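Every chain is numbered from 1, with letters handed out A, B, ... down the list of sequences. Not measured: the values here are computed from a predicted model.
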2 protein chains.
Amino acid sequence: MNEKEIATIFKAFCDENRIRILLLLLDGEKCACRLLEEMNITQPTLSHHMKILCDSGIVVGRKDGKWIHYSLSDEGIEKAQKFIEFLRRK
Amino acid sequence: MNEKEIATIFKAFCDENRIRILLLLLDGEKCACRLLEEMNITQPTLSHHMKILCDSGIVVGRKDGKWIHYSLSDEGIEKAQKFIEFLRRK
DNA sequence: ATATCAAATAGATGAATTTCAATGTGAGGT
DNA sequence: ACCTCACATTGAAATTCATCTATTTGATAT
């Protein structure tokens with residue numbers, strides 16, 4: 001895991017709207033259209049943020065017909081957690 | 001802690017050079033000039049990144065004459081850790 | 001096949017970020 | 001007082017990012 005990969009993981013957390021999305025996903029899986037209802041952004045903007053969140057590994061999408069159900073990824077979150085823990089061991 | 005504050009904390013981790021700096025600080029306190037030696041950026045660029053790192057709370061600077069000694073901040077890192085942990089409790 | 005709905009993509013725009021060269025500031029040292 | 005060293009600030013250029021409108025894709029239903 002190099003510096004670039006680590007930065008990509010944490011891109012998930014460095015935008016206000018993406019934090020908002022993560023908090024919405026705490027309730028459990030939600031499709032993009034549900035998220036869209038609860039946010040004040042357009043559909044393409046949401047799509048953009050979902051791509052960054054998925055690229056970071058913090059969120060995963062499950063395709064189901066024309067819907068995509070997004071949820072938090074334990075593995076992704078664990079990766080982020082591991083790095084933060086690593087910083088603390090001094 | 002609102003979405004904006006959380007995003008500000010994690011700004012520390014979403015740039016390649018800042019991750020590099022954090023890793024260098026794992027060894028312990030270092031002054032800016034030491035960090036500068038080990039990075040391939042100019043002094044003003046380093047100064048810019050140090051500001052973002054300090055604003056995020058992940059790094060603290062200790063002034064000592066004309067030097068500033070930077071180190072990782074346990075409190076800051078703990079804050080980040082708490083948020084990530086919060087995401088995992090589902 | 002057509003219509004409809006969910007989501008992605010393309011393209012544009014403005015804002016934010018990264019970076020550098022030049023300059024300023026402030027603390028020691030001579 | 002002057003010089004030097006460590007760092008910050010300014011201002012500008014280049015890049016990246018967030019956002020929008022418009023359009024496309026892909027899946028389901030009629």
Side-chain angles (χ1 to χ4, degrees), chain A residues 2-25 28-73, chain B residues 2-25 28-73:
Chain A
N2 60 28
E3 287 93 348
K4 202 166 192 167
E5 288 170 330
I6 294 169
T8 300
I9 292 173
F10 286 98
K11 287 259 159 69
F13 305 112
C14 66
D15 175 89
E16 223 177 313
N17 278 320
R18 290 197 286 273
I19 294 289
R20 186 95 190 286
I21 293 165
L22 293 176
L23 294 176
L24 288 171
L25 290 179
E29 207 178 54
K30 279 187 183 175
C31 70
C33 51
R34 281 286 305 282
L35 292 170
L36 192 56
E37 283 172 7
E38 315 208 41
M39 312 252 325
N40 229 6
I41 54 176
T42 62
Q43 179 269 319
T45 300
L46 178 66
S47 189
H48 164 75
H49 286 303
M50 296 323 290
K51 177 157 175 38
I52 291 170
L53 286 169
C54 288
D55 287 351
S56 77
I58 300 297
V59 165
V60 282
R62 180 177 65 82
K63 198 161 185 184
D64 165 32
K66 46 184 174 167
W67 290 277
I68 298 179
H69 301 281
Y70 290 104
S71 54
L72 297 174
S73 159
Chain B
N2 61 29
E3 287 93 348
K4 202 165 193 167
E5 288 170 331
I6 295 169
T8 299
I9 292 172
F10 285 98
K11 287 261 159 69
F13 305 111
C14 66
D15 176 88
E16 224 177 311
N17 278 320
R18 291 196 287 271
I19 294 288
R20 186 94 189 287
I21 294 166
L22 294 176
L23 294 175
L24 288 170
L25 290 178
E29 208 179 52
K30 278 187 185 175
C31 70
C33 52
R34 282 285 307 282
L35 291 170
L36 193 57
E37 284 172 7
E38 314 207 41
M39 312 251 328
N40 231 4
I41 55 178
T42 63
Q43 180 269 320
T45 300
L46 178 65
S47 188
H48 163 76
H49 286 304
M50 296 324 288
K51 176 156 177 38
I52 290 171
L53 287 169
C54 289
D55 287 351
S56 78
I58 300 297
V59 165
V60 283
R62 180 175 65 82
K63 197 160 185 184
D64 164 32
K66 45 185 176 169
W67 290 277
I68 298 180
H69 301 281
Y70 291 104
S71 54
L72 297 175
S73 158

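Using a 4.0 Å cutoff to heavy atoms of chain B, the contacted part of DNA chain C runs 5' to 3' from dT17(C) to dG28(C).
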Going through the distances and angles, do C54(B) and V59(B) end up as a side-chain contact (heavy atoms from CB on, under 4.5 Å)? CA-CA 5 Å; C54(B) 289; V59(B) 165; 4.2 Å; yes

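Considering only heavy atoms from C-beta on, M50(B) comes within 4.5 Å of L35(B) through its side chain. Contact check for M39(B) versus H49(B): no side-chain heavy atoms found under the 4.5 Å cut-off.
The main-chain N or O of K11(A) is found under 3.5 Å from a side-chain atom of R18(A) such that the two form a donor-acceptor pair. With hydrogens and angles disregarded, a donor-acceptor distance shorter than 3.5 Å links the side chain of T8(B) to the backbone of K4(B).
Using bins of under 30°, 30° to 60° and over 60° for the plane-to-plane angle, the ring pair F13(A)/F10(B) lands in the tilted bin.
Projected onto DNA chain D by closest heavy-atom contact, S47(B) and W67(A) fall at different nucleotides, the more 5' of which corresponds to S47(B).
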Expected list for residues 63-70 of chain B: side-chain donor-acceptor pairs under 3.5 angstrom, two or more places apart:
{"residue": "D64(B)", "atom": "OD2", "partner": "H69(B)", "partner atom": "NE2", "Å": "3.0"}

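Taking all atoms of both residues into account, the shortest heavy-atom contact from A12(B) to L22(B) is O-CD1, 4.0 Å.
Computed from coordinates, the L36(B) CG to dA6(D) C1' distance equals 10 Å when rounded to whole Å. Going from atom CD of Q43(B) over to atom C1' of dA8(D) covers 7 Å, rounded to whole Å. Spacing between atom OH of Y70(B) and atom P of dC7(D) amounts to 7 Å, rounded to whole angstrom units. Atoms CE (M50(B)) and C1' (dA8(D)) sit 13 Å apart, rounded to a whole Å. One interatomic measurement links the two molecules: CG of L35(B) to C1' of dA6(D), which rounds to 13 Å at whole-angstrom precision.
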Tabulate protein N/O versus nucleotide N/O from nucleotides 12-19 of chain D, keeping only pairs under 3.5 Å, one per line.
{"residue": "dA18(D)", "atom": "OP1", "partner": "R18(A)", "partner atom": "NH1", "Å": "3.2"}
{"residue": "dA18(D)", "atom": "OP1", "partner": "R18(A)", "partner atom": "NH2", "Å": "3.1"}
{"residue": "dA18(D)", "atom": "OP2", "partner": "H48(A)", "partner atom": "NE2", "Å": "3.1"}
{"residue": "dT19(D)", "atom": "OP1", "partner": "N17(A)", "partner atom": "ND2", "Å": "2.9"}
{"residue": "dT19(D)", "atom": "OP2", "partner": "N17(A)", "partner atom": "ND2", "Å": "3.2"}
{"residue": "dT19(D)", "atom": "OP2", "partner": "H49(A)", "partner atom": "NE2", "Å": "2.5"}

